[in-house]
Enquirer: 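Here it is, the structure in full.
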There are 2 protein chains.
Amino acid sequence: MDAPEDWPRFAVTVDLVVLTVRDGALHVLLVRRGEDPWRGAWALPGGFVRPVEDLHEAAARELAEETGVHQAAGHLEQLGSYGAPDRDPRMRVVSVAHLVLAPDLPEPTAGTDAAAAAWVPVDRVAGDELAFDHARILADGVERARAKLEYSPLAAAFCAERFTVAELRAVYEAVWGRALDPRNFHRKVTSAPGLLVDTGERRTEGRGRPAAVYRRGPATTIAPPLSRD
Amino acid sequence: MDAPEDWPRFAVTVDLVVLTVRDGALHVLLVRRGEDPWRGAWALPGGFVRPVEDLHEAAARELAEETGVHQAAGHLEQLGSYGAPDRDPRMRVVSVAHLVLAPDLPEPTAGTDAAAAAWVPVDRVAGDELAFDHARILADGVERARAKLEYSPLAAAFCAERFTVAELRAVYEAVWGRALDPRNFHRKVTSAPGLLVDTGERRTEGRGRPAAVYRRGPATTIAPPLSRD
DNA sequence: GCGTCTTATCGTCGGTGTGACGAGAAAACA
DNA sequence: TGTTTTCTCGTCACACCGACGATAAGACGC
């Protein structure tokens with residue numbers, strides 16, 4: 001099977017698990033499907049990969065097009081591919097899922113394809129109300145995010161460019177669903193080499209002593225890792 | 001773009017990074033291409049996904065067909081997808097790469113498609129002698145394997161069903177390319193709950209005191225992780 | 001202005017895991 | 001029988017961790 005007519009034809013899509021932290025809870029960006037199948041159901045944003053673009057490009061493009069989110073501020077990585085033969089009743093589709101971690105954003109803008117888009121707390125998404133196999137993709141994405149916070153500086157992708165230790169801690173608490181000791185957390189992240197860069201700036205957030213404002217440092221891993229036990 | 005004629009058609013393949021430990025070194029299974037493009041170059045084994053099979057099934061099938069390796073003994077997981085528009089000059093191909101960790105096997109059996117197959121030490125694979133983007137896929141697979149040994153019981157996938165602590169340590173040393181202290185390694189793996197099950201059996205390997213023989217335990221993670229520093 | 005509250009930041013302390021390494025156990029080999 | 005080799009168990013100093021006390025520095029109510 002080597003002639004161009006011989007290989008099975010697939011449609012290839014990218015689906016996006018876009019996560020953010022709002023009001024102390026992890027949220028995922030969902031769109032409501034306007035077409036069959038699964039018309040009216042919530043789904044992950046996504047779309048077809050174009051004939052001439054890389055998978056990563058396609059994901060970034062769909063992210064901007066369909067959700068108005070620009071990758072620059074956050075983090076985009078490939079999550080995995082899903083290609084069960086019957087996952088889409090119309091045709092054979094392989095979806096390359098991507099994970100996006102974004103700072104809290106004003107409001108989801110419904111894109112061209114989607115009837116509506118909304119941030120939904122991940123623990124309020126019932127598995128059976130998502131289209132296709134998106135419940136599994138979402139679960140894999142959330143688990144990936146939870147695991148990566150342990151040993152990577154990725155939590156900062158949920159924050160604005162300048163942030164305080166408390167804001168960073170709030171991200172961990174939201175993603176892990178668990179309260180962390182502010183003193184130990186402060187010690188760990190400030191002592192991890194290259195993780196945070198002190199801007200010298202201070203910021204007072206309502207009550208309490210003003211907090212130092214940091215930027216992301218050059219570190220690519222957190223050693224030793226934080227523990228989510 | 002919703003009619004079946006509208007979406008771009010892709011070929012979807014699975015490529016396999018099959019790793020094993022031989023003679024104290026990490027080896028990868030390569031096949032020599034018998035057809036253009038890249039005729040005569042080494043490549044990762046792989047092939048087209050069939051119209052009705054899941055990606056994981058396709059990887060397991062290609063593994064058995066093309067290399068004679070049966071997954072049962074080892075470990076098979078998805079590594080990631082590669083879909084640069086120009087990665088195959090013939091057509092638009094998205095490859096879903098999989099990572100296989102297998103015990104040392106007698107000899108690679110050249111499969112139907114491949115002119116030849118061979119175990120090659122990974123540190124002797126020159127990047128520019130691999131077909132397509134397989135050098136990058138291989139690098140990603142090796143890095144995934146190295147990282148996973150830290151916190152998962154996956155090293156046992158490189159061993160036979162029953163193995164000694166020294167054999168397990170040899171796997172770590174081969175994959176990480178670094179000598180480990182036998183005493184500290186022994187302490188860590190035997191004290192990690194659920195990692196090893198003592199079979200009661202002993203085995204004497206040439207000289208030295210006979211070693212206890214273990215099977216894999218039910219643990220899915222190693223806590224605390226081993227460190228490869 | 002002055003206490004009070006709240007949050008940020010720094011320190012302390014006991015427990016635990018770690019790497020470096022010593023020492024004994026149990027085999028093969030000369 | 002001694003030597004060598006490898007496996008296995010201990011020891012010890014050190015780093016780190018979680019729990020938590022103490023202090024710093026702002027806002028707030030009066």
Side-chain angles (χ1 to χ4, degrees), chain A residues 24 149-151 155-156 159-160 162-174 176-215 219 221-229, chain B residues 24 149-151 155 159-160 162-174 176 178-215 219 221-229:
Chain A
L149 287 210
E150 291 193 30
Y151 57 89
C159 298
R162 286 152 181 265
F163 54 89
T164 67
V165 173
E167 287 167 358
L168 192 65
R169 179 165 48 85
V171 167
Y172 275 87
E173 293 181 333
W176 286 350
R178 169 180 171 260
L180 300 174
D181 185 293
R183 295 159 292 189
N184 292 335
F185 183 84
H186 187 277
R187 177 181 54 195
K188 292 201 78 161
V189 297
T190 53
S191 68
L195 183 59
L196 301 179
V197 177
D198 194 336
T199 64
E201 197 181 334
R202 325 253 120 191
R203 185 196 300 164
T204 168
E205 197 85 33
R207 311 185 213 310
R209 172 175 170 174
V213 177
Y214 295 89
R215 282 185 296 106
T221 57
I222 305 181
L226 302 169
S227 163
R228 62 175 149 151
D229 297 336
Chain B
L149 287 210
E150 291 193 31
Y151 57 89
C159 298
R162 286 153 181 264
F163 55 90
T164 68
V165 173
E167 287 166 358
L168 192 64
R169 179 165 48 84
V171 167
Y172 276 87
E173 293 181 333
W176 287 350
R178 168 180 172 259
L180 300 174
D181 185 291
R183 296 159 291 188
N184 292 335
F185 183 84
H186 187 277
R187 179 182 54 195
K188 291 201 79 160
V189 297
T190 53
S191 69
L195 183 59
L196 301 179
V197 177
D198 195 336
T199 64
E201 197 181 334
R202 327 251 120 193
R203 183 196 303 165
T204 170
E205 196 86 31
R207 311 187 214 311
R209 171 175 171 175
V213 177
Y214 296 89
R215 282 185 295 105
T221 57
I222 306 180
L226 302 169
S227 164
R228 62 173 150 154
D229 297 338

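The basis for the numbers below is simple: all heavy atoms, side chains too, and nothing from hydrogens, waters or symmetry mates. Here the structure is a predicted model, which means the values were calculated and not measured. Lettering follows sequence order; numbering is per chain, from 1.
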Enquirer: Out of C:dA27, C:dT9, D:dG18, which nucleotide sits closest to the side chain of A:Ser227?
Expert: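 Of C:dA27, C:dT9, D:dG18, D:dG18 is nearest to the side chain of A:Ser227.
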
Enquirer: Between A:Arg207 and A:Arg178, which is nearer to the 5' end of DNA chain D once each is assigned its nearest nucleotide?
Expert: A:Arg178

Enquirer: Rounded to whole angstroms, how far apart are CZ on B:Arg209 and P on C:dA25?
Expert: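 Rounded to whole Å, this separation is 9 Å.
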
Enquirer: Which atom names give the shortest non-hydrogen contact between A:Pro210 and A:Arg202, and what distance separates them?
Expert: CB-CB, 4.2 Å

Enquirer: With rounding to the nearest 0.5 Å, note down the distance linking CD in B:Glu150 to OG1 in B:Thr221.
Expert: 13.5 Å

Enquirer: State, to 0.1 Å, how close B:Ser227 and B:Arg178 come at their nearest heavy-atom pair, and which atoms those are.
Expert: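 Heavy atoms only, the tightest pair is O-NH1, 3.8 Å.
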
Enquirer: How close do A:Arg162 and A:Glu167 get, heavy atom to heavy atom, and via which atoms?
Expert: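 Minimum heavy-atom contact is O-OE1, 4.1 Å.
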
Enquirer: If we ignore hydrogens and angles and just use 3.5 Å, is the side chain of B:Tyr172 paired with the main-chain N or O of B:Leu149 as donor and acceptor?
Expert: yes

Enquirer: With the side chain counted from C-beta on, respond yes when B:Glu205 and B:Thr164 share a heavy-atom pair under 4.5 Å apart, and no when they do not.
Expert: no

Enquirer: Taking the nucleotide of DNA chain C with the closest heavy atom to each, which residue, B:Thr204 or B:Pro225, is nearer the 5' end?
Expert: B:Pro225

Enquirer: Enumerate the residues from residues 162-171 of chain B whose closest heavy atom to DNA chain C is under 4.0 Å, giving them by residue number; use none for an empty result.
Expert: none

Enquirer: Can you check the A:Glu150 CD to D:dC17 C1' distance for me, whole Å?
Expert: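 The distance from CD of A:Glu150 to C1' of D:dC17 comes to 15 Å, rounded to the nearest Å.
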
Enquirer: May I ask you to list the residues of residues 182-198 of chain B, by number, that have any heavy atom positioned under 4.0 Å from an atom of DNA chain C?
Expert: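 Contacts with DNA chain C under 4.0 Å: B:Arg183, B:Asn184, B:Arg187, B:Lys188.
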
Enquirer: Nearest whole angstrom, please: distance from the C1' of C:dG19 to the CG of B:Leu226.
Expert: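 Taking CG of B:Leu226 and C1' of C:dG19, I get 13 Å after rounding.
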
Enquirer: To the nearest Å, how far apart are A:Leu180 CG and C:dT7 C1'?
Expert: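 Taking CG of A:Leu180 and C1' of C:dT7, I get 16 Å after rounding.
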
Enquirer: Can you tell me the distance, in whole Å, between the CZ atom of B:Arg202 and the P atom of C:dA25?
Expert: 15 Å

Enquirer: Output side-chain donor-acceptor pairs under 3.5 Å for residues 188-198 of chain B, partner residues at least two apart or in another chain, one line each.
Expert:
from: B:Lys188; atom 1: NZ; to: B:Pro225; atom 2: O; distance (Å): 3.3
from: B:Thr190; atom 1: OG1; to: B:His186; atom 2: O; distance (Å): 2.5
from: B:Thr190; atom 1: OG1; to: B:Arg187; atom 2: O; distance (Å): 3.3
from: B:Ser191; atom 1: OG; to: B:Arg187; atom 2: O; distance (Å): 2.8
from: B:Ser191; atom 1: OG; to: B:Lys188; atom 2: O; distance (Å): 3.3
from: B:Asp198; atom 1: OD1; to: B:Gly200; atom 2: N; distance (Å): 2.8

Enquirer: Using modelled atom types and a 3.5 Å cut-off, is there a donor and acceptor pairing between side-chain atoms of B:Glu173 and backbone atoms of B:Leu180?
Expert: yes

Enquirer: Give a yes or no on this: more than 12 heavy atoms of other residues, nucleotides or ligands lie within 6.0 Å of atom CZ of B:Arg203.
Expert: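 Yes - once you tally the heavy atoms of other residues, nucleotides and ligands closer than 6.0 Å, there are more than 12.
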
